[in-house]
Protein chains: 2
Amino acid sequence: MRFTSAVSSGKSLGEQAYETIRDAIITLRLEPGQTIYENELADSLHISRTPIRDALQLLVSERLVDILPQRNKQVAYISELKVKESSFVRLSLESSAFRLAAGDWRETERYAKAEKQIGRLLREQGEAAEQQDVVEFLRLDEEFHRCILQLAGNETLLEVVYHMRGHLNRFRYLAMKELVLTESLVHEHEELFERLKKRDENGVVKLLEHHLGKLDSEFPRLREQFPGYFKD
Amino acid sequence: MRFTSAVSSGKSLGEQAYETIRDAIITLRLEPGQTIYENELADSLHISRTPIRDALQLLVSERLVDILPQRNKQVAYISELKVKESSFVRLSLESSAFRLAAGDWRETERYAKAEKQIGRLLREQGEAAEQQDVVEFLRLDEEFHRCILQLAGNETLLEVVYHMRGHLNRFRYLAMKELVLTESLVHEHEELFERLKKRDENGVVKLLEHHLGKLDSEFPRLREQFPGYFKD
DNA sequence: CTGAGTATACGTGTATACAAGTATACAAGT
DNA sequence: ACTTGTATACTTGTATACACGTATACTCAG
């Protein structure tokens, strides 16, 4: 397995390795169940085992990597339970965040900035859907939700949701592997933002539930199509 | 700083170190702002730097340890913002968990077991309060909430809440350092459990808000009393 | 006496070396 | 042929050695 070497920056090698490996797992370039050899990764990324181990430990704590003690590690199988649990946590937190934000952010400068950015994101997402660019679409989706959450101004919450999204997005990547992108997803985002602006809490929560819950129906199909990727 | 060496078990040295250090931070035996030297910890625990670094990295990811790149690490200052953010996340998740559990667990065996355990915990907590045993009280508090959450059966959620509780409990330890334990806290738990049994969702959420929100009022007093512990 | 500049000490970040445990393959006995 | 025991290979877990970067203290010039 070959990776494009990460860019040099202020980050430590361990951090870079973390991001690289995590991305590879979520985009399924490292397949669920595949065994991971620290030496192999170290060679691929042209660094030693130490930062690799640093990265892997973080991924273990996120449950994206499983550990067979004294034997080896493997990228975690996709677990329907884990995906649903993550989805539940995320739904709970995003809903709460909306309720929290519903109060007083309408006039702030932060809001003005966010509104502009969200408009841009929605447009770009439309283009990505048109071109069936799954990777870009999911990246923009990520950014959209992130942007919305930032309005609530709770960094801790944001971080937790980020972790939950790891498991969810991996599943979505799998779903998107053979699912065509529709404009409807973009429209859901647009409507979400509309209701948010109108402070329609219940509407927002309901939409979120629908938006995030749609995945559930995909499990049987994907289980059948990628039997080796699932476990539980 | 001296630690009692962790018990031998199936856990790796890194895991043991993690638990030991985390506990020391939360119980304030390692003070907020105190700089951490990997060598020092390694000597204290009679192991090498490697497992220490493993443990510290996890604590960094929990924001219980801050990192000054290429300089040193320090146990994170108590941040009012962080505590409140964690509190918010926890409240959101516990509330959702109650709503989730409100459905169909009343008849399950799991529930029967939990009810017995909760009864025991409430009793023991009463005794701990009587004897002003802060450490034991908080441990039982932890177990109480954990037990309640397990009824919802969402491991992922449980884990997130566990992390949030790290920051909250540290603050509570500080508060308890000179606050007398009252029976009222135990009564709050009892009432919480009563309303849970009655499926009084709104009542549960309201009680939780009160139960978890009480900390807010403590900030000014503690800030004044332990100025060196706070930062933000 | 003060401030800039250099040298030194110290701690982390990274690499490598070593130890310990598990699985596999091979051999020997039944 | 099959089972059981032993040896070997391989990977992780841990320890140690090295490199890099920051801070501090000292020196020397003004």
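Proteins get letters first, then strands, A, B, ... in listed order; numbering begins at 1 in each. All values reported here derive from a predicted model rather than from experimental measurement. The analysis underlying the following values was restricted to heavy atoms, covering all of them including side chains, and did not include hydrogens, waters or symmetry mates.
When DNA chain C is scanned in the 5' to 3' direction for atoms under 4.0 Å from non-hydrogen atoms of chain A, the outermost contacting nucleotides are dT14(C) to dA23(C).
Under the Watson-Crick or G-U wobble criterion, with both distances below 3.5 Å, dG13(C) is paired with dC18(D). Summarising the base pairing, dA28(C) is matched to dT3(D) through a Watson-Crick or G-U wobble pair whose two defining distances lie under 3.5 Å.
As rounded to whole Å, 16 Å separates atom P of dA19(D) from atom CG of Leu13(A). We find that CG of Leu41(A) is positioned 13 Å from C1' of dT11(D), with the value rounded to whole Å. We find that NZ of Lys11(B) is positioned 13 Å from P of dT14(D), with the value rounded to whole Å.
With hydrogens and angles left out, the side-chain atoms of Ser86(B) and Thr156(A) include no donor and acceptor closer than 3.5 Å. Side chains of Tyr18(B) and Glu62(B): a donor on one and an acceptor on the other come within 3.5 Å. Defined by atom type and a distance below 3.5 Å, a donor-acceptor pair is present between the side-chain atoms of Ser79(A) and Asp232(A).
Contact check, Arg53(A) against dG13(D): a side-chain N or O comes under 4.0 Å of OP1 or OP2.
Both Glu38(A) and Ser48(B) lie close to DNA chain D; mapped to their nearest nucleotides by heavy-atom distance, the more 5′-ward contact belongs to Glu38(A). Residue order along DNA chain C, read from the 5' end via each residue's closest nucleotide, puts Asn39(B) first among Asn39(B) and Thr50(B).
Under the 6.0 Å distance and 45° angle rule, Arg63(A) does not count as a cation-pi partner of Tyr77(A). A cation-pi arrangement is present between Arg22(B) and Tyr162(B), with the terminal nitrogen or guanidinium carbon under 6.0 Å from the aromatic centre and inside a 45° cone about the axis.
Residues of residues 63-71 of chain B having a heavy atom closer than 4.0 Å to DNA chain C, listed by number: Ile67(B), Gln70(B), Arg71(B).
Between His211(A) and His145(A), the two ring planes are parallel [angle under 30°; tilted spans 30° to 60°].
You'll find the side chain of Asp54(B) reaches within 4.5 Å of the side chain of Gln57(A), heavy atoms only.
Of the possible donor and acceptor atoms, one in the side chain of Ser96(A) sits under 3.5 Å from a partner among the backbone N and O of Ser92(A).
Between Asp141(B) and Arg146(B) there is no salt bridge, since none of the side-chain N atoms of the basic residue sits less than 4.0 Å from a carboxylate O of the acidic one.
Heavy atoms of Ile36(B) sit under 4.0 angstrom from primed sugar atoms or phosphate atoms, though from no base atom.
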